[in-house]
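See structure below.
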Amino acid sequence: MSGAQVFLVDDQPAVLKALGRLLAAAGYRVGAYATAEAFLDAGHADQEGCLVLDLSMPGMDGPALQDALSARASRLPVIFLTGHGDLESGIRAMKHGAADFLTKPVDDIRLIAAIELALQRNRERRQADGELAAIRARLHTLTPREAEVMNLVIEGLLNKQIAAALGTVEKTVKVHRARVMAKMAVKSVTALVRLVDRARSDGTT
């Protein structure tokens, strides 16, 4: 709870005030919004933290804001609050990636526990995103020929087999292979395979 950011979106001023006081006292930085549209306009979709969101609001409701954040590829975890105990809506919210679904009046301890879990999830996702970005950056430094050599290396081909496949000599393959390992910052083929598999599983080359 070291000054982490929590956003509140609720159309009831009394709820915003009460939750804002609770979370500020617990050590969070709080941003409060009376409408989903106001939150979106503030441009916090890519910010680190978590969002505590009312399910039912006039205009854009909670699920619609959740969908809008998803469309923007936001990593901001969402904790829904509802006064209706709507099980069907809760199931939908969780299927669409909500971190939790709590009913009003919300228990203070349970809310803070849910926020801490959501913040941890957000930190882990952002760290993973940063690691993938670093892998992509390394891959983009490879020349076309180095990329060809890398792909054949991770397929398990020996240097002489790669040379035959590319119509070059083994000495040249060794040079390209060494450059690939240096640029990808790995010391073994196993580590190289892990990096490339991770990048490809995320839609990268």
Side-chain angles (χ1 to χ4, degrees), residues 1-133 136 198-199 201-204:
M1 292 183 287
S2 55
Q5 179 72 61
V6 179
F7 298 104
L8 302 174
V9 179
D10 197 302
D11 65 313
Q12 299 179 43
V15 173
L16 277 184
K17 186 175 182 180
L19 291 180
R21 284 179 174 175
L22 168 69
L23 298 180
Y28 298 105
R29 291 181 291 116
V30 180
Y33 298 88
T35 68
E37 293 88 347
F39 173 77
L40 277 180
D41 290 344
H44 297 305
D46 294 326
Q47 192 164 333
E48 185 174 359
C50 81
L51 171 62
V52 178
L53 175 61
D54 189 26
L55 180 74
S56 301
M57 296 181 290
M60 177 181 283
D61 63 7
L65 176 54
Q66 183 185 27
D67 291 343
L69 290 173
S70 178
R72 299 183 186 196
S74 173
R75 295 296 198 195
L76 198 63
V78 177
I79 297 171
F80 275 106
L81 299 182
T82 177
H84 309 292
D86 187 337
L87 180 60
E88 183 177 345
S89 296
I91 292 173
R92 178 203 180 278
M94 299 301 283
K95 283 183 177 179
H96 283 72
D100 212 332
F101 188 86
L102 307 176
T103 56
K104 297 177 183 178
V106 65
D107 178 77
D108 295 354
I109 294 175
R110 187 176 178 189
L111 175 61
I112 290 175
I115 288 173
E116 280 299 296
L117 189 61
L119 289 169
Q120 178 62 29
R121 172 179 166 182
N122 185 236
R123 285 190 289 268
E124 291 171 356
R125 291 292 296 273
R126 292 177 73 88
Q127 180 180 348
D129 287 348
E131 291 169 356
L132 280 170
R136 292 191 188 102
R198 184 174 178 186
S201 69
D202 196 64
T204 306

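What you see is a predicted model; the values in this text were computed from it and never measured. Positions are given from 1, in the same order as the sequence printed here. Note that these values count all heavy atoms, side chains included, but never hydrogens, waters or copies made by symmetry.
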Closest heavy-atom contact between Asp100 and Ala114?
OD2-CB, 3.6 Å
Which residues satisfy the side chain to side chain donor-acceptor pair (under 3.5 Å) test with Asp129, sequence neighbours excluded?
Arg75
Donor-acceptor contacts under 3.5 Å from residues 64-72 side chains, at least two apart:
residue	atom	partner	partner atom	Å
Gln66	NE2	Ala93	O	3.2
Gln66	NE2	His96	O	3.3
Asp67	OD1	Arg92	NH2	3.3
Asp67	OD2	Arg92	NH2	2.9

Taking only residues two or more places apart in sequence, or in another chain, which ones meet Asp46 in a side-chain contact (heavy atoms from CB on, under 4.5 Å)?
none
Kindly compute the distance separating CG (Leu117) from CG (Asn122), expressed to the nearest 0.5 Å.
11.5 Å
So which atom in Phe80 and which in Ala98 form the shortest heavy-atom distance, rounded to 0.1 Å?
CD1-CB, 3.9 Å
List for me each residue that meets side chain to side chain donor-acceptor pair (under 3.5 Å) alongside Glu131, sequence neighbours excluded, and say none if there are none.
Gln127, Arg198
Of Ile79, Leu55, Leu81, the residue whose pairing with Phe101 passes side chain to side chain contact (heavy atoms under 4.5 Å, CB included):
Leu55
Please report the closest heavy-atom contact between Gly62 and Met57, naming both atoms and the distance.
N-CE, 3.9 Å
Working to the nearest 0.5 angstrom, can you tell me the gap between Asp107 CG and Ile109 CD1?
5.5 Å
Quick test of your reading: applying salt bridge (Lys or Arg N to Asp or Glu O under 4.0 Å), list the pairs with at least one residue in residues 20-45, sequence neighbours left out, ordered by first then second residue.
none
Which is it for Leu111 and Leu19 under the side-chain contact (heavy atoms from CB on, under 4.5 Å) test, yes or no, and what are the steps along the way?
CA-CA 10 Å; Leu111 175 61; Leu19 291 180; 3.7 Å; yes
Measuring from atom CG of Leu23 to atom CD1 of Ile112, what distance do you get when rounded to the nearest 0.5 angstrom?
6.5 Å
Would you please name every residue forming a side chain to side chain donor-acceptor pair (under 3.5 Å) with Arg110, sequence neighbours left out?
none
By side chain to side chain donor-acceptor pair (under 3.5 Å), which residues pair with Gln12, not counting sequence neighbours?
none
Smallest separation among heavy atoms of Asp11 and Pro58, with atom names:
OD2-CD, 3.4 Å
Ala38: side-chain contact (heavy atoms from CB on, under 4.5 Å) partners, not counting sequence neighbours
Tyr33, Thr35
Between CG of Leu53 and CZ of Phe39, what distance do you get to the nearest 0.5 Å?
8.5 Å
Drop me the distance from Glu48's CD to Gln5's CD, to the nearest 0.5 angstrom.
10.0 Å
Can you name the nearest heavy-atom pair linking Ala99 to Ala118, along with the distance?
CB-CB, 4.0 Å
Rounded to the nearest 0.5 Å, the SG atom of Cys50 sits from the CD atom of Gln120 at a distance of 12.5 Å
Sort and list the pairs that fulfil salt bridge (Lys or Arg N to Asp or Glu O under 4.0 Å) and have at least one residue in residues 54-63, not counting sequence neighbours.
Asp54-Lys104
Any idea which heavy atoms bring Leu16 and Ala32 closest together, and the distance?
CD2-CB, 4.1 Å
